[in-house]
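For reference, the structure is listed below as structure tokens.
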Amino acid sequence: MTEVRVRFAPSPTGMFHVGSARAALFNWAVAEQSGGRFILRIEDTDATRNRPEWTEGIISALDWIGINGTNPVFEGPYFQSANEPQHREAVAKLLADGKAYYCDCTRELLVARTGSEHKGYDGFCRDRGLTSGAVRFRTPDEGVTVVDDLVRGRVEFPNDAQEDFVIARTDGSPLYVLANAVDDITQAVTHVARGEEHLPNAVRQEMLWPALGANPPVWAHLPVIVNEQRKKLSKRRDKVALEDYRAEGYLAEAMVNYLMLLGWGPGDDREIMPWAEMVPLFKLEDVNSSNAFFDEKKLKAFNGEYIRALPLETFEERCLPYLDPSWDAETFSKLAPLAQTRLGVLSEIRQNVDFLFLDEPVFDQPSWDKAMKAGANDVLRAYLDRLDLVNWDTESLKTALEEVGTAHGLKLGKAQAPIRVAITGRTVGLPLFESIEVLGRERAQDRLRAALARLEG
Ligand code: GLU
């Protein structure tokens, strides 16, 4: 049996997109389950749009989601630009075999001949025997070209609708559609799984591969990823950079799990599944051809689940980048378990615990306005007095506030609001009485006094 060789071939022209990550993971799963190869090929031939930092970004983003050379199925990275001699050779061979020809038609000439801006190339230079110009591939006039796609099924493209497409510019530089096919052939790729936007390339490549003496690969064109408005996820509209999710405190494991479910599922209703369980089940044939909705809320819920599954110590470690180095680790540890059950993303840790470490809480004005309604000062003052003598434990702190509430005709929830804002600066956060307990008597009282002063101007 021939070895399964898949590839992931990103162009380093921007931040690494979640859709690219999904394509990479699908390929990675195929390589891993078959003990084949996953080739990373950086398609860096568009010198005007490529930047080295994008290449580094791709490599580090892949590494983050577990795609790297520590696994022997990984091969590369290769750089497409290094293969230009092979691309040129392929063009020369197609010319020599009569499968391609030179063309010197300008756009204006073509439009003048066909009478339309939109018509494809009319084949004018096919038999002119030119020896220079752009190079066009001679497409068949009749019949159909079939792209037999694992995801989309058998797609037929009538050949009379295919123009003789350009494979090299007048200056001899090969075009992407050709370079991509030549690299796949030289790298002995067996399966091409990539975004659906490449389907038009697949038709041309289905013709190019045999012309270059190779059997076309197995194709799998992956569904488009859309946002809540069912529009294609785009970097102008949506948060698409994997790096941004990482910075916000998404765990790689959660991200991987979620991305794998964009167009694929294990066939039962399981959703939270570790990578190792998904790999043996994954099949390109099972990928759905309809658009996949990238649901940020669901992703966040997944992430929360993965955060809760971390050993407490690991959770604390993962929070460190979001905390100030000067903040006392022991104090943080006291509230960490409560935070762990509540976070959707790790970066939220900061707003949950900063009140413990700052001299003054960060007052969020809408929270303040909402909590400090008429009568709030009475509650603050009464609780402040109670804190003089109360036993310093969660239960007693709570009972004390319940009693203050009763005296003012308020349920606990209502009585909590001004206290919470005075202590933490916000209306939502970790359980209040634990927070007060960890903060300590003196500091808690100082905060209530400060809030009163602020309220009463
Ligand atoms: N370089 C192409 C892209 O980034 C991928 C082409 C392919 O996978 O064949 O869209």
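Nothing here was measured: the structure is a model prediction, and the numbers come from that model. In listed order, ligands and their atoms are each counted from 1.
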request  = Pull out every atom of ligand 1 sitting under 4.0 Å from any heavy atom of R7, numbered as shown with elements.
outcome  = 7 (C), 8 (O), 9 (O)
query = For ligand 1, is F8 a contact, meaning one of its heavy atoms is under 4.0 Å away?
reply = no
remark   = For R194, the atoms of ligand 1 under 4.0 Å from one of its heavy atoms are 7 (C), 8 (O), 9 (O)
ask   = Taking everything shown except E228 itself, do over 12 heavy atoms lie less than 6.0 Å from its CD?
value = no
ask   = Between T145 and E206, does any side-chain donor sit less than 3.5 Å from a side-chain acceptor?
value = no
message = Taking 4.0 angstrom as the limit and counting only heavy atoms of E43, give me the atoms of ligand 1 inside it, by number and element.
response = 1 (N), 2 (C), 5 (C), 6 (C)
query = Got a salt bridge between R88 and E84, using NZ or NE/NH1/NH2 to carboxylate O under 4.0 Å?
reply = yes
task = Just do the side chain to side chain donor-acceptor pair (under 3.5 Å) check on N303 and Y245 with the steps written out, would you?
result = CA-CA 11 Å; N303 200 53; Y245 287 93; over 6 Å; no
message = Considering both backbone and side-chain atoms of N180, is one of its nitrogen or oxygen atoms within less than 3.5 Å of a nitrogen or oxygen in ligand 1?
response = yes
ask   = Going by distance only, is there an N or O of P10 that falls short of 3.5 Å from an N or O of ligand 1?
value = no
query = Can a donor-acceptor pair be found between the side chains of D183 and H87 at a distance below 3.5 Å?
reply = yes
message = Please determine whether a side-chain nitrogen of the Lys or Arg among R113 and D122 lies less than 4.0 Å from a carboxylate oxygen of the Asp or Glu.
response = yes
query = Which bit of H198 is near ligand 1, meaning a heavy atom under 4.0 Å away: side chain, backbone, both or neither?
reply = side chain
ask   = Nearest protein heavy atom to atom 6 (C) of ligand 1, by residue and atom, and its distance?
value = Y176 OH, 2.5 Å
task = Applying salt bridge (Lys or Arg N to Asp or Glu O under 4.0 Å), run through R49 and D44 and close with a yes or a no.
result = CA-CA 9 Å; R49 292 174 64 219; D44 58 343; over 6 Å; no
query = In terms of ring plane angle, is the pair F282 and F26 parallel, tilted or perpendicular, where the classes change at 30° and 60°?
reply = tilted
Within-shell test, E197 vs ligand 1, heavy atom, strictly < 4.0 Å = no
Heavy-atom nearest neighbour in the protein, as seen from atom 5 (C) of ligand 1, with distance rounded to 0.1 Å = A9 O, 3.1 Å
ask   = What atoms of ligand 1 come closer than 4.0 angstrom to any heavy atom of S11?
value = 1 (N), 2 (C), 3 (C), 4 (O)
